[in-house]
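Just so it is clear, the structure is predicted and the values come from calculations on it, not from any experiment.
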Amino acid sequence: MATVFVRLALNPAVLAYHPRGGLAIWNWYLYTYLVPALAFFLAAWLLAQRDDRLEGAPLPRLSILAASAAVVLLFLLVNIEIADFFSTGASLTFGFLTGQATLAEDLTYTLAWALFAIALFVAGIVRPSRAVRIAAIVLLLVAVLKGFVHDMAQLGGLYRVGSFAGLGICLALMAVLIQKYVLPRREAE
């Protein structure tokens, strides 16, 4: 699992192995990242059925590491699919990293990060995990800051108002989820 994770997450050459295809979402990136992510989730579930602590190692349980790696691969997949959708030509280009992204691409990244953070937060509520909820809140904070600092500078008029409304809805949804599901559990403990 470590080798697959390092190869997919830390090796930028994996994005150049195959030229971009004609389909935007249903492509080899989806297969390349989704299958290992699902395998990592399955491994995490199987490892959680038994004691998977490493004796004498300061690492968390193997099931937690596998699930965390799966979430990272899914987040990378979301960003790769956005870059693939907005790329032109035979190679994948990340316009957000180079500063060449269009407004639509920038807003898509922000919205995808916010939705991913909300989904991650819900997962942290369903399978009670404080670390997952904190990671989701941090990712949502990054998405909101990107929206306010980077995206709002490019918007004008009603688009800026709509973007403020969308960010407000995301933040309100997170506040409701925290108030309804997280705080009552904490008080009960």
Side-chain angles (χ1 to χ4, degrees), residues 8-10 12 14-16 20-30 32-34 37 68-127 129-186:
L8 291 177
L10 303 177
V14 75
L15 301 174
R20 286 184 58 241
L23 294 174
I25 304 294
W26 194 259
N27 51 27
W28 79 275
Y29 299 117
L30 182 68
T32 303
Y33 282 83
L34 187 61
S68 300
V71 170
V72 169
L73 288 179
L74 288 178
F75 185 70
L76 289 173
L77 175 63
V78 167
N79 289 290
I80 289 169
E81 290 292 353
I82 293 170
D84 181 58
F85 184 82
F86 287 99
S87 292
T88 57
S91 64
L92 185 70
T93 56
F94 287 91
F96 174 69
L97 296 176
T98 62
Q100 304 298 322
T102 63
L103 177 62
E105 186 176 358
D106 275 337
L107 293 176
T108 304
Y109 278 112
T110 305
L111 181 61
W113 292 357
L115 292 175
F116 192 90
I118 291 171
L120 191 61
F121 190 80
V122 169
I125 291 173
V126 170
R127 183 170 164 91
S129 173
R130 184 172 188 231
V132 172
R133 292 192 304 262
I134 290 171
I137 290 171
V138 168
L139 180 58
L140 184 65
L141 179 64
V142 168
V144 168
L145 288 175
K146 179 188 174 299
F148 279 120
V149 174
H150 181 72
D151 298 342
M152 293 295 172
Q154 300 177 26
L155 293 175
L158 289 176
Y159 293 114
R160 185 175 288 175
V161 171
S163 186
F164 272 122
L167 287 172
I169 290 170
C170 283
L171 292 174
L173 179 60
M174 285 295 282
V176 167
L177 289 172
I178 289 171
Q179 185 178 16
K180 184 165 176 99
Y181 295 106
V182 176
L183 293 180
R185 284 186 188 163
R186 191 177 209 186

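- Heavy atoms of other residues, nucleotides or ligands lying less than 6.0 angstrom from CG of Leu10 number more than 12.
- In this structure, Ile169 has no side-chain contact (heavy atoms from CB on, under 4.5 Å) partners at least two apart in sequence or on a different chain.
- Partners of Ala172 under the side-chain contact (heavy atoms from CB on, under 4.5 Å) rule, at least two apart in sequence or in another chain, do not exist in this structure.
- Between Ala143 and Ala114 the shortest heavy-atom distance is CB-N, 3.9 Å.
- The distance from atom CG of Leu103 to atom OG1 of Thr108, rounded to the nearest 0.5 Å, is 9.0 Å.
- Legend: residues meeting salt bridge (Lys or Arg N to Asp or Glu O under 4.0 Å) with Asp84, ordered by chain and number and at least two apart, are Arg20.
- Phe121 meets the ring pair (Phe, Tyr, Trp, His ring centres under 6.0 Å) test with no other residue; sequence neighbours excluded.
- Looking at residues two or more places apart in sequence or on another chain, you find a side-chain contact (heavy atoms from CB on, under 4.5 Å) between Leu115 and Leu111.
- Scored by the side-chain hydrogen bond (donor to acceptor under 3.5 Å, both in side chains) test, Ser68 finds no partners at all (sequence neighbours excluded).
- Note that OH of Tyr109 and CZ of Phe86 are 8.5 Å apart. Values are rounded to the nearest 0.5 Å.
- Residues meeting the side-chain contact (heavy atoms from CB on, under 4.5 Å) test with Phe148, sequence neighbours left out: Val144, Met152, Phe164, Leu167.
- Rounding to the nearest 0.5 angstrom, the gap separating the NZ atom in Lys146 from the CG atom in Leu107 is 7.0 Å.
- Residues satisfying the ring pair (Phe, Tyr, Trp, His ring centres under 6.0 Å) test with Trp26, not counting sequence neighbours, are none.
- In this structure, Ile125 CD1 and Ile178 CD1 are separated by 8.0 Å, a value rounded to the nearest 0.5 Å.
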Please list every donor-acceptor pair under 3.5 Å in which a side-chain atom of residues 70-83 meets a protein atom from a residue at least two apart or in another chain.
| unit_1 | atom_1 | unit_2 | atom_2 | d |
| --- | --- | --- | --- | --- |
| Asn79 | OD1 | Trp113 | NE1 | 2.7 |
| Asn79 | ND2 | Phe75 | O | 2.8 |
| Glu81 | OE1 | Asn27 | ND2 | 3.1 |
| Glu81 | OE2 | Leu30 | N | 3.3 |

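- Nearest heavy-atom pair, Ala101 versus Asp106, reported as atom, atom and distance to 0.1 Å: CB-OD1, 3.5 Å.
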